[in-house]
There are 2 protein chains.
Amino acid sequence: MSDLETRQLRYFVAVAEELHFGRAAERLAMAQPPLSRAIRDLERQLGVDLFVRTTRQVALTPAGETLLIDARVALDAVAAASQRARRAARPEQSLRLACKADFDGGLLAPILAAYDTTPVELLLTGPWDLVPALHDGRADVALLATAFDDPTLDSEALLTEPRMVALPAADPLAARTTLRLADLTGRRLPNGSGAETGNLAPPPPGSPAMRDLSQIFNLVETGSLLWFLPAWVARQFPRPHIAYRLVEDLPPATLAVAWPAASRSPAVAALVRAAVRVAKDAVADEPHVSQALA
Amino acid sequence: MSDLETRQLRYFVAVAEELHFGRAAERLAMAQPPLSRAIRDLERQLGVDLFVRTTRQVALTPAGETLLIDARVALDAVAAASQRARRAARPEQSLRLACKADFDGGLLAPILAAYDTTPVELLLTGPWDLVPALHDGRADVALLATAFDDPTLDSEALLTEPRMVALPAADPLAARTTLRLADLTGRRLPNGSGAETGNLAPPPPGSPAMRDLSQIFNLVETGSLLWFLPAWVARQFPRPHIAYRLVEDLPPATLAVAWPAASRSPAVAALVRAAVRVAKDAVADEPHVSQALA
DNA sequence: TTGATTGATACTCTCGAAGTATGAGTGACC
DNA sequence: GGTCACTCATACTTCGAGAGTATCAATCAA
């Protein structure tokens with residue numbers, strides 16, 4: 001009946017994600033027995049079984065599944081509370097803009113130039129971390145490729161452009177002006193099919209960290225990788241030995257600004273307006289490439 | 001740097017709401033010194049002053065103000081997590097519908113009749129508790145008079161009708177067909193001006209608990225109180241010694257269904273559809289009184 | 001059958017949170 | 001202006017929840 005503590009939720013999330021008490025305990029930097037007890041106590045307290053354990057396997061019950069979702073939300077809310085309180089105390093109210101490096105479509109600089117209301121602090125992260133950063137208060141606003149449906153976030157589309165594939169300039173396929181996914185079968189493609197727009201899932205744990213575009217471009221140039229990217233990124237990085245070709249059957253990608261729907265910050269609103277204005281101008285300058293959404 | 005515990009947030013909210021360590025401690029059923037220490041430790045942990053204390057007065061700093069908002073959200077999220085986990089374990093998935101008693105506009109019964117997908121559990125509360133109930137997981141969906149702007153809730157309007165005043169039938173004003181607020185000056189009005197639509201604030205602590213309409217009607221009949229109410233409520237409770245008269249300069253009231261925007265429950269969606277359908281039918285039956293919003 | 005793996009139990013210990021007693025600063029009132 | 005009431009902070013003590021260690025028990029694989 002009594003309230004849950006965030007500690008209990010953190011423990012639960014760790015176990016629910018690892019599905020293994022030992023590894024979860026390790027991740028939490030604690031011993032396994034107290035973790036087992038904490039979970040047992042949590043289940044007693046809720047009056048609900050969260051895991052089905054055999055001595056060899058741990059699985060989530062339906063109640064556990066729903067708690068995992070809600071617990072993440074709650075932990076984010078707690079983190080956001082402390083983050084924002086810390087920040088509110090600082091007199092220089094800088095706006096924190098999260099963005100995946102190199103994926104801003106060349107809009108970042110003009111947006112910042114157009115927005116001089118408050119100092120802007122940049123948070124450059126992997127694309128999968130942009131939405132969490134908005135949730136837990138690390139960022140006030142983010143620039144991202146939309147592939148999300150999150151009622152707690154509002155967003156405004158800036159650009160919608162087709163997706164392209166980066167090829168070695170010498171590749172036979174580079175002779176064509178447009179390609180289809182079927183033309184690429186057998187090539188080494190990034191993460192799965194590359195059909196996903198936003199790359200919102202974290203990278204597979206052991207995967208080589210492809211930090212920035214220059215690494216990727218090197219791999220593409222040597223022919224050891226194909227890479228999908230929105231047209232606005234391709235436009236921004238012309239490279240002599242790389243050809244960008246439109247992929248007809250990939251859905252177009254949309255670049256958007258997003259912010260917590262609960263945000264009442266005038267600074268955020270101003271930055272969003274600046275971003276929309278800059279995007280419109282950019283589209284007006286290059287009507288042959290870009291297509292605006294209001 | 002380490003994570004906040006909900007205990008700390010509960011303590012903080014208590015002090016922030018009472019602005020008095022002694023009373024807050026009493027409310028938390030604990031002694032005052034540990035509470036003072038806990039708040040001090042919280043401030044140290046955040047590296048931020050939350051309160052300005054003199055020995056005679058306690059006030060929130062700007063950081064404290066923002067933390068109060070975020071802490072309430074976070075505590076609600078934690079409560080919702082535990083509520084929903086508890087409920088997910090129950091095999092009979094009943095939908096919980098929150099509603100202020102007697103304010104359903106006669107729609108409650110037909111809605112429940114039209115919606116036979118899942119058993120419905122009714123949660124009857126004061127109007128100020130409907131939105132919190134949606135937030136903390138006590139209810140899945142609510143029927144309420146809209147006067148809220150909450151990005152975490154979605155809603156669908158059912159009825160929009162003018163607001164009326166309940167008078168003794170013998171009152172001279174009852175001779176008129178419509179009134180204006182100015183006609184009522186000097187009378188004893190409910191909570192402030194009665195101009196507020198939704199009554200989303202909790203009642204003043206010491207106020208007589210006007211639990212249900214029959215009590216109110218008694219007071220109105222004896223001429224000791226005037227009462228404002230939406231037309232749909234007046235229509236539902238014809239009483240011989242009470243006259244309802246339209247108040248021209250009160251904004252109309254809207255009855256709506258609302259639910260957490262994050263809800264993906266098909267049961268909620270089905271109930272909302274049923275409610276909208278029932279409301280439409282009701283409006284069609286009484287076109288002279290009601291005015292639908294799509 | 002045996003060994004490896006993995007979660008649960010028993011027991012102990014420690015640190016942090018709560019209580020009590022008291023101090024100290026501030027405003028009110030005579 | 002001195003005294004009192006009020007209120008938050010500090011000092012010290014107590015106690016229990018949570019963490020650690022050692023070990024058991026159950027399951028699966030060979």
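Computed over heavy atoms, backbone and side chain alike; hydrogens, waters and symmetry mates excluded. Each chain gets a letter, A, B and so on, in the order the sequences are listed, and its residues count up from 1.
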For the pair made of CG in L35(A) and P in dG18(D), what is the distance, rounded to whole Å?
13 Å
Grab the CD-C1' distance between E18(B) and dC8(D) for me, whole Å please.
16 Å
Could you give the CD-to-C1' distance, from Q57(B) to dC6(D), as a whole number of Å?
13 Å
Are L60(B) and L50(B) side-chain neighbours, meaning at least one heavy-atom pair lies under 4.5 Å?
no
Enumerate the residue pairs fulfilling side chain to side chain donor-acceptor pair (under 3.5 Å) with a member in residues 62-74 of chain B, sequence neighbours excluded, ordered by first and then second residue.
R84(A)-D70(B), E17(B)-R72(B)
What one should report as the nearest heavy-atom pair of A85(A) and V48(B) is O-CG2, 3.9 Å
When you check the gap from the basic side-chain N to the acidic O, do D49(A) and R44(A) get nearer than 4.0 Å?
no
Can you name the closest pair of heavy atoms from D140(A) and R87(A) and give their distance?
OD2-NH2, 3.5 Å
For DNA chain C, find the residues of residues 10-17 of chain B with a heavy-atom distance under 4.0 Å and give them by number; none if there aren't any.
Y11(B)
In plain terms, say whether D129(B) and R138(B) are close enough for a salt bridge, that is, a side-chain N and a carboxylate O under 4.0 Å apart.
yes
Could you check how far CZ of R37(B) sits from P of dG16(C), rounded to whole Å?
12 Å
For R7(A) and dA19(D), is the shortest distance between a side-chain N/O and OP1 or OP2 below 4.0 Å?
yes
Tell me whether R7(A) contacts the main-chain N or O of D3(B) through its side chain, where contact means a donor paired with an acceptor under 3.5 Å.
no
Is there a side-chain contact between T152(A) and P260(A) in this structure, where contact means two heavy atoms from C-beta onward sitting under 4.5 Å apart?
no
Will you find, in the side chains of R40(A) and S36(A), an N or O donor that is under 3.5 Å from an N or O acceptor?
no
Between F12(B) and F51(B), is the ring centre distance below 6.0 Å?
yes
Might you list the N or O atoms of the protein lying below 3.5 Å from N or O atoms in nucleotides 22-30 of chain D, with each pair's distance?
| from | atom 1 | to | atom 2 | distance (Å) |
| --- | --- | --- | --- | --- |
| dT27(D) | O4' | T55(A) | OG1 | 2.9 |

Could you give the CG-to-C1' distance, from L19(B) to dT7(D), as a whole number of Å?
14 Å
Look at S36(A) and dA8(C) and indicate whether a side-chain polar atom (N or O) is within less than 4.0 Å of OP1 or OP2.
yes
Output the residues of residues 58-68 of chain A in contact with DNA chain C, where contact means a heavy atom of the residue under 4.0 Å from an atom of the strand; sort by number or write none.
V58(A)
May I have the distance from I39(A) (atom CD1) to dG18(D) (atom P), rounded to whole angstrom?
12 Å
side-chain hydrogen bond (donor to acceptor under 3.5 Å, both in side chains) between Q45(A) and Q8(A), worked out
CA-CA 11 Å; Q45(A) 194 174 331; Q8(A) 301 179 280; 2.9 Å; yes
Do the side-chain N or O atoms of R53(B) get closer than 4.0 angstrom to the phosphate oxygens (OP1, OP2) of dA9(D)?
yes
Between E121(A) and L97(A), is there a donor-acceptor pair closer than 3.5 Å when you use the side chain of the first and the backbone of the second?
no
Round to the nearest Å and state the distance from Q8(B) atom CD to dA17(C) atom P.
8 Å
Check ion pair R27(B)-E18(B) (N to O, under 4.0 angstrom):
yes
Results of side chain to side chain contact (heavy atoms under 4.5 Å, CB included) for A98(B) - residues two or more places apart only:
L123(B), L130(B), A139(B), A142(B)
To the nearest angstrom, the CG-C1' distance between D41(A) and dG16(D) comes to 13 Å
Under 4.0 Å, heavy atom to any atom of DNA chain D: which of residues 21-30 of chain B qualify?
F21(B), G22(B)
